[in-house]
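In what follows, a structure is listed as structure tokens, so that the remarks can point back to it.
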2 protein chains.
Amino acid sequence: MNIQLESMEPIADKKRAIFESTLELVRENGFHGTPMSMVAKRAGVAAGTIYHYFKSKDQLIHELFAYAQQKPIQVISEENCETIPFKDCFFNLWFGLFTFYTRQPNVLKFFEQFLNSPYSADRPSLEQDDFFSLFIAFFERGITEGKLKKVSPKILATLANSSIITAVKLAGSDKITLQERELRQIPELLWDGMKQAA
Amino acid sequence: MNIQLESMEPIADKKRAIFESTLELVRENGFHGTPMSMVAKRAGVAAGTIYHYFKSKDQLIHELFAYAQQKPIQVISEENCETIPFKDCFFNLWFGLFTFYTRQPNVLKFFEQFLNSPYSADRPSLEQDDFFSLFIAFFERGITEGKLKKVSPKILATLANSSIITAVKLAGSDKITLQERELRQIPELLWDGMKQAA
DNA sequence: GCTTTCCAATTGAATGTTCATTCGGATTTA
DNA sequence: TAAATCCGAATGAACATTCAATTGGAAAGC
């Protein structure tokens, strides 16, 4: 319900180019290390043009966060879960997000940088975050169905999320190799911890 | 064994002041947002003095990371575990680190920023990291004793670590309140997932 | 259909600021 | 007094942001 207007009407080409370039550059060089002039060049746009779309670099970063967040929200929304058993749905969701972040390392890296920077100081609480409220609702279903322990769904959601991020980072690190079998153990371990004992 | 020389001989007062000031300022303002001039002022030192101890800002940040990492290493090392049951030791370790990071939010925030920035690009692999190798050794013990599932200890260590970080962030957020009871559920959930089924 | 008007979109050079780093000299230490 | 520390003003580069000028294309007038 709370979708941005922009996701209704297509984002101007230039604006999208600026978003995507910033995403790439922030991964490569961090927030510092990505001057506006570089964003402009990568986006194939003049420096001044950026300021036509965004009041400041600060605002660009904030809007970029909202823009990027639509992507994983999309992933969760597409896992139409109501019809299949909760446990299967859990694994689908876990691997769905795992695959998404693995394929979109820009997005993950940007999130991580953003969320650990002072930029994110004025963000809404978990419950008001579009992404997390979907996630939380999912775990509420598991509890209601008696499949999960009676643990606050915000805790379950946060743990699940961090296990996904952790797994992506592990698998993506060139310092480490993670076997297919090992990868699967991660959500299984989490499931064993969260499931309602029989 | 691989302790830095500096932890043997006391760090010069000024140097420690610079480290601690940077830690504080990076939490407050991020890497950007903490100019050397500000570090100098907070440390009660002239700008030039910093350059007596560190070749550059870059090097300051890198050395600060090594300096800060000694703190949690200390925490792990002090949990003398060999004598008590593995399960108890697991919870001690979990809460030990939880408490440490909760009391030292500067350190946690700095780690998070550092590890997600390009600074950390040239870091050693998990196995070579002093902190993680202690952690990994701990979980190896649990596997050897048959208390834990036969899952790669580096996975167990990484998951445990991220659950701690996640919990600290959750508990520390002023957007959210986490009851004592809820907090305890987190390591319990993790334990249930990791333990060898009876 | 063909001008004319108008405004959003775009440009990139210019501006002013912020900041890391330097360095010549002062001060402390041994 | 020599060496190690320390100082902080000065330097110069990097950067976010501005703005006067240009373009393109859509509506309005003829």
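Below, chain A is the first sequence line, B the second, and so on; all start at residue 1.
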Between [options], spot the one nearest the side chain of [X], thanks.
| X | options | value |
| --- | --- | --- |
| A:Ala46 | D:dA16, C:dC19, C:dG12 | C:dG12 |
| B:Lys14 | C:dT10, D:dC15, D:dC7 | D:dC7 |
| B:Lys57 | D:dT17, C:dT21, C:dA9 | C:dT21 |
| B:Ala47 | D:dA9, D:dC6, C:dT11 | D:dA9 |
| B:Tyr53 | D:dT5, D:dC15, C:dT11 | D:dT5 |
| B:His52 | D:dT17, D:dT5, C:dA9 | D:dT5 |

Measure from [atom1] on [X] to [atom2] on [N] and round the result to the nearest Å.
| X | N | atom1 | atom2 | answer |
| --- | --- | --- | --- | --- |
| A:Ile18 | C:dA9 | CD1 | C1' | 11 Å |
| B:Asp13 | C:dT29 | CG | P | 12 Å |
| A:Lys55 | D:dT18 | NZ | P | 10 Å |
| A:Phe31 | D:dA14 | CZ | C1' | 19 Å |
| A:Leu25 | D:dC15 | CG | P | 12 Å |
| B:Ile50 | C:dC23 | CD1 | P | 17 Å |
| B:Gln59 | C:dA20 | CD | C1' | 14 Å |
| A:Tyr51 | C:dG12 | OH | P | 16 Å |

May I ask you to say whether [X] pairs ionically with [Y], meaning some side-chain N is under 4.0 Å from a carboxylate O?
| X | Y | answer |
| --- | --- | --- |
| B:Glu28 | B:Arg42 | yes |
| A:Asp192 | B:Lys149 | yes |
| B:Glu112 | B:Lys169 | yes |
| A:Glu140 | A:Lys147 | no |

Contact under 4.0 Å: A:Ser37 side-chain N or O vs D:dC15 OP1/OP2: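 Answer no for this pair, as no side-chain N or O of A:Ser37 is under 4.0 Å from OP1 or OP2.
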Over 12 foreign heavy atoms within 6.0 Å of CG, B:Asp13: no
DNA chain D: 5'-proximal contact among A:Thr34 and A:Thr49 (nearest heavy atom): A:Thr34
